[in-house]
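Read through the structure below, which is laid out as structure tokens, and then see the notes.
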Amino acid sequence: MLSVPENSPAGAGEFILKLSNVDSYYGKAQILFDLSLEVKEREVVAVIGANGAGKSTTLNVIIGRVKPAAGSVTLDGESIGGDGIQAIVKKGITCVPQRRRIFPTMTVRENLEVGSYIRRHDKAGTRRVMEEVLSLFPVLAKKANSLGGLLSGGEQQMLAIGRGLMARPRVLLLDEPSMGLSPKLTTEMFEDIRRIADMGRTVLIVEQNAYAALSVADQGYVLENGRVALSGDADDLIENDYVRQTYLGA
Amino acid sequence: MKISMRNRKIILAAILVAFLLPPFLGVNGYALQVLDMAFIYAIAALGVTIATGITGMVVLGQAAFMGLGAYTSGLIMTGTSLPWWLALPIAIVVTGLIGAGLGLISTRIKEHYLAITTLGLNEIFRLIVLNESWLTGGPFGLRDIPTLQIPVMGGGLAQQHYIPLFVLTVLVYALALRIYKTSFGRQMRAIRDDDLAAESMGVNSRAVRVMAFALCSIFGALAGGVFVLTFGFISPNNFLVFESIKMLLMVVVGGLGSIGGTFLGALVVVGLPEVLREFQTYYLAIFGITVVIILLTVPRGLGIIADWLLAPWLPGEEGNALAQAKAEDMSNAATIEEEDERATAVAVRLRSEREQAVVNAPKATGDVLLKVENVSKSFGGIRALKDVRFDIRRGEILGLIGPNGSGKSTMINACSGIVRVTAGKILLDGKVISHLPAWDVHAAGVSRIFQNVRVWNSMTVLENVMVCHAATRDTHVITGAIGTAKARADEDMAREDALKALDLMGIRHLANRRASDLSFGQSRLVELARSIVNKPKLLLLDEPGAGLRGGLIMELAEILKQLRNQGMTILVVEHRVKLVVSMCDRIVVLNLGDKIAEGSAQSVARDPVVVDAYLGGKVERKRRLKAIETTT
Amino acid sequence: MLGQVVASGLAMGAIYALVALGYAFVWRTMNIVNFAAGEFLTFAAFIFVATFVNRLGLPFYLAAIFACVAMASLGAAFSRIVFARLQKERTIVAIIATVGFGLFLKEMARIIYGPQPLLNTGPFGFETINVGGISVTKQQLLVFAVVIVVMVLQYLVLRYTMIGKVMRAVAQDRETAQLMGIPVNAVLAGTFAYASVLSAIGGILLAPMFFVTTELGTLVGLKGFVAMIIGGFGSIPGAIIGGLILGLGENLAAFSISAPYKDAIAFVLLLVFLLVRPKGLIPEASADRA
Amino acid sequence: MNGKIKAALLAGVLAVGSVATASADEIKLGASAPLTGPRALLGKYFKEGVDMAVEEINANGGVLGKKLSIAYEDDQADNPNAAITSMSKLMEVAKVPIVLGPHFSVAQLATMKNYCNGSLISITGASGVPVTDQGCNYVIRIRGNDNLQAKAVVAYALDHLKVSKIGIISINDDFGKGGAERVVAALKEKGLSPVANETHNAGDADFSAQLSSLQKAGAELVVMWTHDNESALIVRQTRQFGLPFKFAGSTSLSQPVFIELAGPTAEGVVSATDFLPANPDPNVKAFVEKFHKKYGEMPELYAATYYDGAILAAKAINDAGTTDAVKVREAFAKMDTQGVLGHYKCEANGDCNHQTNIVEIKNGQPSLLTVVKF
């Protein structure tokens with residue numbers, strides 16, 4: 001079993017990550033409008049929407065790459081809006097970037113080690129999590145000494161997620177994990193994500209593939225033009241007529 | 001920035017006139033001489049701007065071209081006593097030919113490697129001039145060159161040459177501005193922005209690079225020639241590598257790629273140290289740090305000023321400025337929604353057009369347009385394609401699908417000439433195209449779009465499309481610059497067709513926008529317009545729908561259907577099975593470089609091999625246990 | 001006498017390799033060709049000889065350590081103030097800015113320390129050792145020893161320590177490294193500081209072999225760049241091999257071709273080499289495994 | 001309005017401004033010297049020599065009863081473009097009748113066309129042979145040319161050192177190349193040719209290859225025509241490799257920088273030089289004493305050369321009774337006077353110094369072997 005995330009003052013079911021009424025701009029153009037979003041402990045939340053809907057910006061606001069112009073971002077009730085990426089990562093949010101972004105000429109093991117950077121002083125903990133990640137993704141264990149760049153697309157995605165887990169985050173953000181994967185690999189990928197969630201992780205997925213994301217999520221948010229168009233229980237969203245027509249291609 | 005184009009012309013004219021005044025105001029010979037020097041270097045640096053700023057080849061040897069022009073004309077005048085007006089053109093031609101030769105090298109050696117190569121050639125030039133004293137006068141230079149006396153101007157040589165040099169500089173810059181706008185200018189910029197896209201869209205990058213190099217050397221030779229006529233003395237020390245670096249400095253300080261900025265850059269690099277002379281031993285240090293500060297604070301500063309002034313002669317600047325102003329007025333959300341509305345409207349219009357015209361649509365004839373015969377491709381040890389064979393029939397849409405790494409993109413690259421096949425061949429209309437360079441493949445009638453949109457960012461939308469037009473494909477530098485009737489007619493035709501193509505995509509209103517200012521969806525449409533403007537026989541689409549949404553997807557699908565109805569044959573790589581099934585007549589499935597299936601959409605989708613390798617099962621509708629909430 | 005030529009060539013090549021290594025590091029992490037590298041070397045040599053040895057009277061090794069520390073701080077500071085800002089610019093703009101900066105540094109060295117060449121005999125003076133008929137100065141042996149130690153240390157650090165892995169991660173993908181919580185700007189400054197130390201070591205080692213003038217680093221800087229190109233742009237093993245090949249090659253060429261054109265010949269050879277291998281000896285993609 | 005045009009305007013303003021500073025009770029001369037760049041050391045000595053001369057002249061009543069002052073401009077040594085603007089500024093803005101320098105032959109040759117119309121006289125230590133054979137009437141050379149130096153060195157080597165196998169090493173620039181050519185010519189006159197003719201580049205620091213080639217060729221004596229630093233490195237490395245050559249060569253080999261840098265390995269090196277601090281000649285002695293008192297260091301060739309240059313300039317103006325360049329040139333033609341470098345008597349082409357000293361480094365000091373007069 002993957003160990004319970006460190007320093008978790010919030011009990012299950014409490015909101016640990018919260019965006020309230022966030023506005024955000026890119027240059028002069030406003031990208032996010034009054035956006036509110038909540039993630040509970042041990043919950044999987046899916047944020048879906050088309051290109052340009054503001055998904056990436058939402059993620060960038062959470063991770064600290066973009067400062068919110070208005071509104072607040074809190075983690076465990078503490079404001080993190082406006083903190084730098086490094087500070088936010090230290091506080092327990094780790095983002096698995098779009099297109100995987102494996103370090104191509106470092107080995108699988110080295111990639112994972114770099115992932116544990118912020119917990120580098122806890123050698124024992126790192127070793128433990130490394131074992132857990134390798135058992136979660138046996139193929140990574142098999143290829144531990146090959147270069148990241150030589151892995152297949154699916155394997156790279158596993159490595160990227162594994163690398164994110166190495167930081168032992170309170171909240172794991174996944175940015176378009178299905179991007180560039182074939183349908184079959186996408187299916188497998190989301191099954192992996194569900195396994196991770198089942199182990200008690202809190203996960204926020206930002207995804208274009210609405211069906212796959214909602215399938216594994218507890219809660220869902222539909223973004224359109226920088227606003228939350230719909231939100232609610234993932235089961236309800238997947239049955240929602242508007243969602244089905246617009247995003248599920250029914 | 002509300003000053004109109006007309007007023008800018010007036011401002012520019014006033015500045016030009018102001019430049020003519022100093023000799024009449026009794027400005028001393030020293031200041032005039034510094035300006036003379038600046039004009040000469042401005043001409044030479046303009047060559048570097050063409051090669052480095054506009055075409056993207058880093059040239060660190062311009063001093064050698066300048067020296068070549070200077071020594072050739074100097075030697076002709078001293079050796080054969082030919083007059084300067086014969087010696088100078090001969091020197092320019094000779095240098096231009098040598099430059100073209102080096103241009104051939106530049107097609108193989110690129111970027112930093114080219115920089116160091118040209119630097120080396122500069123050093124070789126210095127050594128030859130230094131050591132071949134019998135010819136060049138050796139280390140003490142070529143000394144007895146007759147200077148050009150223009151007694152009408154009065155005063156010393158500096159005064160006499162000031163106005164002729166300034167007029168020459170203005171003429172040369174006007175010529176460069178003209179070339180910039182011609183088809184050749186567009187090709188140079190396309191290569192700089194994205195040479196791979198340029199090559200596969202019909203730009204003969206080899207010819208363009210060679211010509212750009214030749215132009216660079218010609219401008220260098222001209223500058224060298226007038227240097228000789230003005231100063232009457234040249235030595236190896238006039239043409240050291242450091243001088244080449246200085247010219248690159250002018251180009252960069254002037255805002256890389258800006259023609260007008262180069263002139264300002266030359267004024268700064270030649271003039272600033274002179275102004276700082278008062279600081280005696282500190283002046284070079286001050287100069288050095290000033291350059292750093294300029295580049296750190298306003299990297300394009302001088303270029304912006306110059307381009308603003310020269311806007312009436314630059315492509316699309318006016319429309320661009322307007323569009324920018326408009327974009328600033330509106331919030332992003334409005335443009336996104338507007339864009340979506342527009343796309344939907346276009347889609348609706350296209351659909352109704354198609355439904356009306358459907359009767360006359362040519363049916364797929366069934367004869368083979370493209371034949372892929374046992375094609376294999378290896379990268380290093382990895383075989384991306386193994387013995388793949390399939391046909392594309394005239395008038396059909398063929399879908400190419402397969403998991404990541406299955407070789408789809410390699411296949412498209414092979415068909416468009418970007419990638420050389422290791423074995424097998426590809427035939428278009430019975431002629432082998434797999435050995436041709438990408439631009440010849442394009443000329444033969446194969447056009448494409450790229451997976452991650454590759455437009456030429458610095459160019460306007462209209463220019464992006466015009467680059468690919470067959471009428472302006474050939475590299476006619478001279479006729480273009482002169483503006484012969486034929487060149488103008490070709491240009492008009494290309495513009496008209498480009499606008500039509502933009503119309504089809506519903507984005508004609510963006511024609512004068514800079515491509516870098518476009519949204520992703522708009523860029524995709526520009527790319528599509530660009531790929532059909534030469535009326536290709538075969539269109540290769542690499543994930544055309546990636547990153548598009550709602551209205552744009554609808555529009556794209558309608559456009560493709562429209563194209564097919566017009567008789568175009570299309571090969572499309574796409575991930576979204578639904579889109580593929582709805583769009584394609586037949587489908588080829590690749591897996592790990594092997595073709596594993598071919599046939600109608602329905603038959604392929606049912607093929608167990610395909611299902612296993614590619615489609616997989618649906619994501620199971622099973623969520624993790626809600627019960628977990630109670631576990632703690 | 002051939003052995004002599006080879007030994008001297010390799011010693012010089014080792015210095016080129018140090019400088020080339022600095023280029024490769026800075027290129028990989030910051031995407032900048034720091035054309036002021038040669039002037040960093042000059043400046044280091046001046047600080048070392050004029051300030052630490054002559055003015056403060058420190059012994060060689062202590063002065064060397066102080067000079068390295070001084071250059072590391074200088075490098076880190078410049079990387080934050082100047083070079084970090086250049087990364088946004090196109091490569092060529094950044095290169096030209098570093099040329100301007102190099103001119104500034106060189107002139108400052110002259111303004112601060114004056115135009116006189118400085119003499120520093122180093123720990124060994126001009127003592128030589130005779131190895132199999134080849135007379136090698138102890139200083140040259142020191143060069144070899146230092147360069148080998150630096151290379152081995154560097155390999156071990158990059159390969160096995162967190163700080164090394166972090167440096168490599170930042171070099172490969174800065175944005176992603178940032179997502180791992182790595183303080184990217186500090187790592188970049190550190191990398192630049194390390195490159196400055198490499199230049200400083202070059203300057204300190206060269207000072208006793210030659211004289212410290214404002215021109216000391218100019219040519220070495222340029223040749224270090226050529227060495228990196230021969231080795232393959234941004235490749236770390238390539239930089240080392242390229243440096244040695246260049247040092248050895250130019251000496252052998254000067255020895256066997258007794259003509260004023262020997263440098264021209266060297267450049268022609270480089271040209272032919274690039275025509276055959278346009279991406280250098282060890283192209284970047286397959287080479288950056290440290 | 002943009003920065004560039006402002007800069008140009010400013011240049012104009014400054015230029016006009018400096019004209020205004022030339023006041024009536026002052027006579028201003030120009031100096032074009034390498035104040036920056038690789039040869040800045042030479043510029044420093046140049047300036048020290050001139051400044052001392054000006055001080056003396058002014059203490060003795062100045063020129064034509066007015067104070068003498070010097071406008072310095074940087075010519076970056078052998079950079080022709082910098083020399084052209086530096087001379088042009090002195091000529092057009094400061095409007096000086098006489099310029100000391102430019103010192104480098106190539107800078108002289110580049111600027112000659114501008115000043116030879118009689119607007120000013122250039123007093124130079126440039127030793128390149130072509131400097132005075134361009135038909136320019138307004139250049140005054142106060143050192144012996146390369147030809148003279150090369151001949152003196154070759155003759156001394158053959159007659160006194162009794163060597164016949166002579167190799168050459170020179171720097172691959174105008175100075176070295178010009179010198180090496182003269183040495184080859186001087187040898188040819190004696191029916192000899194060099195056994196090896198090696199070159200190196202500016203900034204080179206390792207000469208093992210060239211030295212090996214010279215050894216292979218069996219050279220007994222190596223004639224060096226390169227700058228101070230490089231000369232010192234060559235001599236040092238020769239001794240380090242245990243090679244037996246003797247060395248002779250250009251003035252660099254008696255310069256203090258060379259002697260300091262080469263240390264003990266400089267012993268026995270022979271050179272031709274116009275100036276020797278240890279020269280017992282009373283003029284030289286007085287000069288050395290004054291210089292040492294003023295600057296706390298020993299003078300060297302360029303300080304002496306341009307000290308003489310400034311003294312000669314003042315004398316010529318006084319003789320002519322005017323600062324008109326044409327008249328001053330006539331005064332030079334009549335001049336017959338003793339200076340620090342030697343006796344000056346100008347020929348029509350502008351060559352005024354016809355002697356050189358052959359010097360050997362003994363006990364770390366250059367000592368006079370013979371004075372060669374032509």
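Heavy-atom basis, side chains included; hydrogens, waters and symmetry copies ignored. Below, chain A is the first sequence line, B the second, and so on; all start at residue 1.
Contact annotation for I63(A): only side-chain heavy atoms (C-beta onward) come within less than 4.5 Å of a heavy atom of chain C.
Heavy-atom contacts from other residues, nucleotides or ligands closer than 6.0 Å to CG of L275(C) number more than 12. In this structure, F273(C) places its CZ atom where more than 12 heavy-atom neighbours from other residues, nucleotides or ligands lie under 6.0 Å away.
Atom-to-atom distance recorded for R101(A):CZ and E175(C):CD is 5.0 Å, nearest 0.5 angstrom. To the nearest 0.5 Å, atom NZ of residue K165(C) and atom OG1 of residue T107(A) are 7.5 Å apart. Atoms CG and CD1, from L179(C) and I88(A) in turn, are 11.0 Å apart once rounded to the nearest 0.5 Å.
Residue V114(A) comes nearest to A169(C) through the heavy atom pair CG1-CB, 3.9 Å, listed as atom of the first residue, atom of the second, then distance. When all heavy atoms of G181(C) and Q86(A) are compared, the pair lying nearest together is O-CG, 3.1 Å. The two residues P97(A) and T176(C) have their closest heavy-atom pair at CG-CG2, 4.0 Å. The two residues Y117(A) and M180(C) come nearest to each other via the heavy atoms CB-O, 3.9 Å. Listed here is the closest heavy atom pair of E113(A) and M162(C): O-CE, 3.3 Å.
Ranked by heavy-atom pairs under 4.5 Å with chain C, the list R163(A), R120(A), M166(A) is led by R163(A). Of the listed residues (A160(A), G164(A), G115(A), P104(A)), the one with the most heavy-atom contacts under 4.5 Å to chain C is P104(A).
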